[in-house]
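Note sheet for the following structure.
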Amino acid sequence: MLDLKYLRKNQEVARQKLADRGVQSDVLADLLAADQKRRDVIAKVEELKAKRNEASDKIAFAKRQKEDASAAIQEMQAVAKEIKDLDQELEGLDKVVKDQAAHLPNIAEDDVPVGPDEEANVEIRTWEPEDYQGRPLVKTEAPAWLKPHYEIGEDLGILDFERGAKVSGARFLYYVGDGARLERALYNFMLDQHHEEGYTEMITPIVVNDSAMFGTGQYPKFQDDAYRVEGLNQTYIPTAEVSLTNYYSGETIPAEDLPISITALSPSFRKEAGAAGRDTRGLIRLHQFNKVEMVKFAKPDQSDQELEKMTNNAENILQKLGLPYHVITLSTGDMGFSAAKTHDLEVWLPAQGMYREISSVSNTRDFQARRMHITYRNEDGKLELVHTLNGSGLAVGRTVAAILENYQNEDGTVTVPEVLRPYLGGQETLQATPHH
RNA sequence: GGAGCUAUGGCACAAUCUGGUACUGCAGCGGACUCGAAAUCCGUCGAGCCGUCUUAUGGCGGUGUGCGGGUUCAAAUCCCGCUAGCUCCUCCA
């Protein structure tokens with residue numbers, strides 16, 4: 001949520017910044033008009049309440065003296081009615097203002113490229129492994145024998161989309177045998193890396209309440225994409241960002257503890273409501289997928305730096321796995337709702353001949369903290385909102401896809417990246433093995 | 001799932017039956033005493049949020065006794081709903 005006072009005082013800048021995020025200019029005008037009306041009513045009702053408090057004191061005093069106060073009481077009955085009406089009007093205006101404010105996206109930091117969509121994203125660096133060991137190079141044509149990850153996965157008998165669809169529905173799958181072991185090896189590797197980098201590992205609830213979903217910005221605007229638990233005000237998390245970031249909701253964090261870094265593996269559930277027909281095959285777009293998430297809480301003057309660190313933490317995973325990728329800064333039009341600045345990591349998928357998002361690292365500044373009321377006490381002893389950051393480190397299913405394509409061999413086997421071998425009992429290749 | 005109990009400042013508690021300035025202690029802050037400290041004494045102390053004036057700190061008003069409603073001139077107090085914690089029962093990996 002944006003700061004109403006900021007919007008009031010910086011209307012022109014805010015209007016432009018929101019326009020960059022695709023918000024029509026009359027949205028802000030409407031909000032501020034409602035806010036003005038709201039404040040007018042507050043002034044009126046508070047004056048009456050001050051009068052009532054004064055009269056109540058007098059009545060109480062009179063009663064103690066055993067005097068008759070019925071005239072004053074009668075007079076206050078009318079005031080009470082007036083207060084009640086105004087309070088009701090205020091409640092309505094409050095709702096309008098809060099609801100409109102809750103639907104506004106974060107505004108972008110000044111160094112974020114301005115543009116309507118992903119075309120305006122800016123590549124800031126690329127990384128490729130030094131030793132390709134005969135693997136297909138980035139931006140070269142893949143050899144004819146190279147299969148997309150879902151084909152090699154099915155051929156090896158380690159990914160079973162058909163039975164996933166049978167038992168659950170489209171965009172669900174079973175990992176089988178070495179597939180399941182590879183996935184497990186990957187997220188153990190990722191968590192171990194983050195542990196070494198100072199993140200505190202957590203296992204979080206994967207069903208959260210509405211206020212948690214509101215806190216990180218999924219609600220109220222994006223309810224359509226969420227798996228809600230029927231009959232309960234609870235939702236299966238679309239990302240552990242929700243459960244991790246809300247860990248401190250409503251709390252004041254001791255300043256000396258900041259920055260705080262936490263991480264968790266969790267399944268993520270998404271309806272992918274707007275993605276009908278896109279990426280219908282494979283591990284790229286599922287209703288349920290595993291993801292290792294990183295979250296940080298930082299002082300305002302630390303958060304820029306922490307965003308870069310977190311991006312590096314995600315890159316470290318890809319580098320150790322030897323997967324080629326590039327880092328892009330998302331444009332104002334392509335960023336997520338809560339983000340003020342986002343770096344995406346996109347991994348090279350040779351069979352598709354393109355980069356695909358495998359991690360998204362964002363600084364939301366105080367946008368989420370304002371919704372969740374997470375504060376710390378600054379040097380002056382004043383409460384101030386913390387900054388929150390989140391990033392994938394990494395999306396595990398997409399990492400499996402990247403390994404199956406980048407480490408695929410001509411004989412239909414897949415080489416296991418060296419760093420994962422200790423997690424697989426030293427196994428060096430994935431090959432078709434009969435089971436069941 | 002069922003029953004009972006509990007929820008008040010940073011902490012511990014009083015006021016709830018009987019509606020009328022939310023008590024007290026500890027901690028904190030300021031001061032006295034002291035070479036200094038402890039002890040003692042005096043003073044101060046509702047965090048946060050909202051509005052408004054002033055903007056350097058601040059003043060005034062509103063709100064604020066777990067959360068949301070209701071009754072009333074007035075609610076910590078009475079009524080209804082909810083949440084969390086504890087105890088017991090039930091169930092269970």
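So that the names make sense, note that chain A is the first sequence line, chain B the second, and so on, each numbered from 1.
- In this model, the phosphate group of B:G51 is approached by a side-chain N or O of A:R8 to a distance below 4.0 Å at OP1 or OP2.
- The pair A:R15-A:E12 meets the salt-bridge criterion, since a charged nitrogen lies less than 4.0 angstrom from a carboxylate oxygen.
- Here A:D178 pairs with A:R181 in a salt bridge; the nearest charged N to carboxylate O distance falls below 4.0 Å.
- Between A:D111 and A:K341 there is a salt bridge, since at least one side-chain N of the basic residue sits less than 4.0 Å from a carboxylate O of the acidic one.
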Using distance only, find each side-chain donor-acceptor pair of residues 252-265 of chain A under 3.5 Å and give its atom names and separation, not counting sequence neighbours.
{"from": "A:T252", "atom 1": "OG1", "to": "A:T375", "atom 2": "OG1", "distance (Å)": "2.9"}
{"from": "A:S261", "atom 1": "OG", "to": "A:K296", "atom 2": "NZ", "distance (Å)": "3.4"}
{"from": "A:T263", "atom 1": "OG1", "to": "A:E293", "atom 2": "O", "distance (Å)": "2.8"}

**Asked** Passes side-chain hydrogen bond (donor to acceptor under 3.5 Å, both in side chains), A:S338 versus A:N106? Steps please.
**Response** CA-CA 5 Å; A:S338 297; A:N106 202 354; over 6 Å; no
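- One can place CE of A:M76 at 12 Å from C1' of B:U72, the figure rounded to the nearest angstrom.
- The same atom, P, is picked in B:G58 and in B:C67; the two are 27 Å apart, to the nearest Å.
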Restricting both atoms to N or O, compile the protein contacts to nucleotides 56-58 of chain B shorter than 3.5 Å, with distance only.
none

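- Rounded to whole Å, atom P of B:C50 lies 16 Å from atom CD of A:Q36.
- Rounded to an integer number of Å, the gap from A:Q77 CD to B:U72 P is 9 Å.
- Rounded to an integer number of Å, the gap from CZ of A:R377 to P of B:C29 is 14 Å.
- Spacing of C1' atoms, B:A75 relative to B:U8, comes out at 14 Å, to the nearest Å.
- Comparing B:G20, B:G48, B:C50 against the side chain of A:K5 picks out B:C50 as the nearest.
- Comparing the P positions of B:G62 and B:A47 gives a spacing of 16 Å, expressed to the nearest Å.
- Taking the six-membered ring for Trp, A:F161 and A:Y150 have ring centres at least 6.0 Å apart.
- Under the 3.5 Å distance criterion, the side-chain polar atoms of A:Q100 are matched with a main-chain donor or acceptor of A:L31.
- Between the P atom of B:G51 and the CG atom of A:L86 lies a distance of 17 Å, rounded to the nearest Å.
- For the pair A:D57 and A:K84, both in contact range of RNA chain B, the more 5′-proximal nearest nucleotide belongs to A:D57.
- To the nearest angstrom, P of B:G51 lies 18 Å from CG of A:L48.
- Taking the C1' atom of each, B:U71 and B:A56 are spaced 47 Å apart, rounded to whole Å.
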Show the atom names and distances, to 0.1 Å, of all donor-acceptor pairs under 3.5 Å that link a side chain in residues 198-206 of chain A to residues at least two apart or in another chain.
{"from": "A:Y199", "atom 1": "OH", "to": "A:N313", "atom 2": "OD1", "distance (Å)": "2.6"}
{"from": "A:T204", "atom 1": "OG1", "to": "A:S243", "atom 2": "OG", "distance (Å)": "2.8"}

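- Applying the side chain to side chain contact (heavy atoms under 4.5 Å, CB included) rule to A:D3 yields the partners A:K5, A:Y6, A:R370; only residues at least two apart in sequence or on another chain are considered.
- Remark: the separation of the C1' atoms in B:G68 and B:C13 is 27 Å, to the nearest Å.
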**Item:** From CA spacing to verdict: side-chain hydrogen bond (donor to acceptor under 3.5 Å, both in side chains), A:E151, A:Q408
**Value:** CA-CA 11 Å; A:E151 271 184 38; A:Q408 201 177 131; over 6 Å; no
Give me the distances for all protein-to-nucleotides 59-68 of chain B N/O pairs that come in under 3.5 Å?
{"from": "B:G61", "atom 1": "N2", "to": "A:E46", "atom 2": "OE1", "distance (Å)": "2.8"}
{"from": "B:G61", "atom 1": "N2", "to": "A:E46", "atom 2": "OE2", "distance (Å)": "3.2"}
{"from": "B:G62", "atom 1": "OP1", "to": "A:N53", "atom 2": "ND2", "distance (Å)": "2.9"}
{"from": "B:U63", "atom 1": "OP2", "to": "A:N53", "atom 2": "ND2", "distance (Å)": "3.3"}

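- B:C49 and B:U57 have their P atoms separated by 15 Å, with the value rounded to a whole Å.
- Rounded to the nearest Å, the gap between the P atom of B:G19 and that of B:U72 is 16 Å.
- Here the P atom of nucleotide B:G48 and the OH atom of A:Y376 are 15 Å apart, to the nearest Å.
- A salt bridge does not link A:D40 to A:K37: none of the charged nitrogens lies less than 4.0 Å from a carboxylate oxygen.
- Base-pairing analysis of RNA chain B finds the following stems of at least three consecutive Watson-Crick or G-U pairs, with both pairing distances under 3.5 Å: B:1-7 with B:83-89, B:10-12 with B:24-26, B:28-32 with B:40-44, B:48-53 with B:58-63, B:66-70 with B:78-82.
- For B:U65 and B:A7, the P atoms lie 14 Å apart once the distance is rounded to whole Å.
- Side-chain contact, A:K320 with A:N316: a donor N or O sits under 3.5 Å from an acceptor N or O.
- Atoms NZ (A:K81) and C1' (B:A74) sit 18 Å apart, rounded to a whole Å.
- A:E405 places no side-chain N or O within 3.5 Å of a backbone atom of A:P148 that could act as its donor or acceptor partner.
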